[in-house]
Engineer: 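Just passing along the structure, written as C-alpha cells.
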Amino acid sequence: MSESTSEAVRGAIVADPVAWADPERIEDVLAGLRRDEPVSWVEIPGYNPFWLVTRHADVMAVERNAELFTSGERVLLQSADQDEARRKGPLKSLIDMDGAEHRTHRAVTNDWFKPNRIRSREEAVTAEARRTVDELIERGGECDFAEVIAQFPLRVVLSILGLPPEKSSWVQQMTQEVFGATDPDMRRGGDLGQSYRETMREVLTYFMGLTADRQKNPNDDLASVIANADIGEAERLSYYGLIATAGHDTTSYSITGGMAALLQNPDQLALLRRDPEALTDAVEEMLRWSSPVRGFLRTAQRDTEVGGVPIKAGQSLLLSFLSANRDEEAFEDPTRFDITRARNRHVAFGFGPHACLGAHLARLEMKVFFTELLSRIDEFELAGEPAFAQAVIVSGIKRLPVRYKERQTA
C-alpha cells in the first residue's frame, strides 16, 4: 500500500458514523493526517471523492475565499446517491447557497441574530436557563445531563420562531432523525433512507401549514418574517427547518461537551467557580473543545491549491472543523482543555460568509446557562462514561450521567 493510499484509508474514517462515537480514535487519526498529509485525497465506496482538509490555516484559507470555494454543488458529507438527491431535490437552504443568492436569503433573518437583538432576549433566555436548572434539581441529584439540557436551547429556538412549547418533543425528534439518523438510538426504525424521507415529509407538511398561518395572521415572531419574505417557497421551507434543527442541536452538544470537559478537568471547574468572569473565555474553549459541526464541503471553481496541494476545478474539499480546532500550529497544547486560553481562534462556527448565523445566540445561551448552573448546584461529578452520537455532520455527547447537589443557602 502506497503512502497516499494509506492516507486515503485513514481519511475515510470521517464518513464512518461509528467512528465518531469514539472521539479518542478519530482525534488520533486526524492528528496523524495533520502531521503526515494535511490535505489528503479520500475515496470511499459509495461516496463521491473529496480532499480532506485538516489544518487550521488551510480551513481558514478556504473559508475566506467563498468565491473560489463554493457551497452550492456539495456541502454535506453523505453518500453519492444522497448528493444526487440533494442536487435534484426541491429544497435549497442557506448552507447550499453562494454569492448574491446567499447574501439575499441570509438578510431575511440576519437582523434577528445580531448582537443587539440577541442581548434584548437575555432576560427570556435566562428564564429558560433557570427553568432547566430547576429541572436538574427536581431529578434528585442524578440524571442524564444531556437529556435535560437538550430542552434548553430547543425552547429558546421555539420561542424565537414562535412555535408552541408542545412542539418541542417533535422538533427534537425531527432534528435527531435529520442529523443523527445514522445513530440507531436517534432514528425511527427501518431503512435509513426511508426514515429520512418520512421525517422530511413530516417537516414539510408542518412548515407549509405554518407558512399559510403566518401569511394570514402575521405577528412579531421569526416564523412570520420567514413566511412573508420575498423568497421562493422551497427556500422558505428549508429556512424553517435549518433554524428549527441546527439552531438548537449544536448548542446542546456544546453545553454538554463543555460540562463533560469541566468534570473531567476539575481544576478548570474550580477555576471557573473562583472566577465567574472567566466564563466568557470558558465558553469559547467549550466551543473549540466540542466542535459539534464536524465539517462542511466546498467545491473549487477553478484549478488552485490548498496547503501547497494542487486542487482541480470541480473537486470538493471537506473542511474538518474538529481537526482545525485541535491543530498544534494554531493552538498551544490543543489537547488540553483550558478555559483561560488566549487568542482562541476556533472555527466551531465556521468562518466567512457561511459563519453560523446563530453564533451570538449560542454564546449567550451557554454563558447564561453556566452562570445559573454554577450559582445553584455544587459537587458535580460524572456518574458514568459519556456516550457519543454516531453521526458525521453534527454530533457530540448524547448521554452524560452526572451526580450533583443543590447549593444550600443560609
Side-chain angles (χ1 to χ4, degrees), residues 20-28 30-31 56 129 132-133 136 141-150 152 250-294 321-328 330-349 362-363 365-389 395-407:
W20 285 101
D22 185 351
E24 290 186 8
R25 177 188 172 209
I26 205 158
E27 288 186 31
D28 182 64
L30 292 172
H56 187 279
T132 304
V133 175
L136 282 169
E142 186 167 344
C143 72
D144 175 1
F145 183 87
E147 177 190 0
V148 177
I149 189 55
F152 166 53
T250 51
T251 305
S252 176
Y253 279 136
S254 296
I255 293 175
T256 304
M259 189 68 212
L262 288 172
L263 297 180
Q264 292 164 339
N265 297 272
D267 61 317
Q268 299 297 295
L269 178 56
L271 175 59
L272 190 55
R273 286 195 182 281
R274 291 195 304 271
D275 181 16
E277 294 299 315
L279 186 53
T280 298
D281 289 338
V283 164
E284 299 305 316
E285 182 68 345
M286 292 176 192
L287 289 164
R288 181 189 76 88
W289 193 256
S290 55
S291 297
V293 178
R294 302 313 195 180
F321 295 152
L322 175 65
S323 181
N325 284 339
R326 295 293 190 274
D327 189 347
E328 300 80 0
F331 303 95
E332 182 179 354
D333 197 3
T335 58
R336 179 169 59 91
F337 180 75
D338 179 7
I339 67 169
T340 67
R341 187 177 298 279
R343 288 178 52 79
N344 194 337
R345 299 170 299 165
H346 67 77
V347 289
F349 292 124
R363 286 184 168 106
E365 288 174 296
M366 293 175 71
K367 187 172 182 178
V368 164
F369 175 78
F370 279 101
T371 297
E372 188 71 21
L373 181 76
L374 297 177
S375 69
R376 296 179 58 194
I377 294 184
D378 284 328
E379 300 181 37
F380 259 112
E381 65 177 10
L382 287 172
E385 288 298 314
F388 288 76
S395 63
I397 297 175
K398 65 179 181 179
R399 285 193 296 275
L400 184 66
V402 295
R403 295 190 192 92
Y404 47 90
K405 290 183 180 180
E406 181 181 5
R407 175 170 294 180

Engineer: Looking at CZ of Phe145 and OH of Tyr404, how far apart are the two atoms once the value is rounded to the nearest 0.5 Å?
Structural biologist: 9.5 Å

Engineer: If we only count heavy atoms from C-beta on, is the Met286 to Phe337 side-chain gap below 4.5 Å?
Structural biologist: yes

Engineer: When rounded to the nearest 0.5 angstrom, what distance separates CH2 in Trp289 from CZ in Arg326?
Structural biologist: 5.0 Å

Engineer: Taking all non-hydrogen atoms of both residues into account, name the closest pair between Ala348 and Leu287 and its distance.
Structural biologist: CB-O, 3.5 Å

Engineer: Please test Glu284 against Arg363 for salt bridge (Lys or Arg N to Asp or Glu O under 4.0 Å), starting from the C-alpha separation and ending with a verdict.
Structural biologist: CA-CA 8 Å; Glu284 299 305 316; Arg363 286 184 168 106; 2.6 Å; yes

Engineer: Are Asn325 and Pro334 close enough that some pair of their side-chain heavy atoms sits under 4.5 Å apart?
Structural biologist: no

Engineer: Do Thr132 and Val148 make a side-chain contact, defined as non-hydrogen atoms from C-beta onward lying under 4.5 Å apart?
Structural biologist: yes

Engineer: Quick check for you: to the nearest 0.5 Å, what is the distance between Leu373 atom CG and Asp378 atom CG?
Structural biologist: 10.0 Å

Engineer: Rounded to the nearest 0.5 Å, what separation is found between the CD atom of Glu365 and the OG atom of Ser254?
Structural biologist: 10.0 Å

Engineer: Going by ring pair (Phe, Tyr, Trp, His ring centres under 6.0 Å), name the pairs with one or both residues in residues 261-281, residues two or more places apart or in two chains.
Structural biologist: none

Engineer: Indicate yes or no: at least one non-hydrogen side-chain atom of Phe370 is less than 4.5 angstrom from one of Ile255.
Structural biologist: yes

Engineer: Tell me, do Leu136 and Arg376 make a side-chain contact under 4.5 Å, heavy atoms counted?
Structural biologist: no

Engineer: So which pairs with a foot in residues 334-346 pass salt bridge (charged side-chain N to carboxylate O under 4.0 Å, His left out), sequence neighbours left out?
Structural biologist: Glu285-Arg341, Asp333-Arg336, Arg336-Asp338

Engineer: Ignoring hydrogens, what is the shortest heavy-atom contact between Ala146 and Leu400? Give both atom names and the distance.
Structural biologist: CB-N, 4.0 Å

Engineer: Is any side-chain heavy atom of Thr250 closer than 4.5 Å to one of Val293?
Structural biologist: yes

Engineer: Might you point out which heavy atoms bring Ser252 and Ala150 nearest each other, and give the distance in Å?
Structural biologist: OG-CA, 3.5 Å

Engineer: With rounding to the nearest 0.5 Å, note down the distance linking CZ in Phe321 to NE2 in His56.
Structural biologist: 10.5 Å

Engineer: Of the non-hydrogen atoms in Trp20 and Phe388, which two are nearest, and what is the gap between them?
Structural biologist: O-CB, 3.8 Å

Engineer: Taking the six-membered ring for Trp, are His346 and Phe331 ring centroids under 6.0 Å apart?
Structural biologist: no

Engineer: When rounded to the nearest 0.5 angstrom, what is the spacing between OG1 in Thr280 and CE in Met366?
Structural biologist: 11.5 Å

Engineer: For Val347 versus Ala324, what's the shortest heavy-atom pair and its separation?
Structural biologist: CG2-CB, 3.7 Å

Engineer: Which pairs of donor and acceptor atoms, one on a side chain in residues 258-273, lie under 3.5 Å apart (sequence neighbours left out)?
Structural biologist:
| unit_1 | atom_1 | unit_2 | atom_2 | d |
| --- | --- | --- | --- | --- |
| Asn265 | ND2 | Ala261 | O | 2.8 |
| Gln268 | OE1 | Ile339 | N | 2.8 |
| Arg273 | NH1 | Leu374 | O | 3.1 |
| Arg273 | NH1 | Ile377 | O | 3.3 |
| Arg273 | NH2 | Ile377 | O | 2.9 |

Engineer: If the threshold is 4.0 Å, N to carboxylate O, is there a salt bridge linking Arg399 and Asp144?
Structural biologist: no

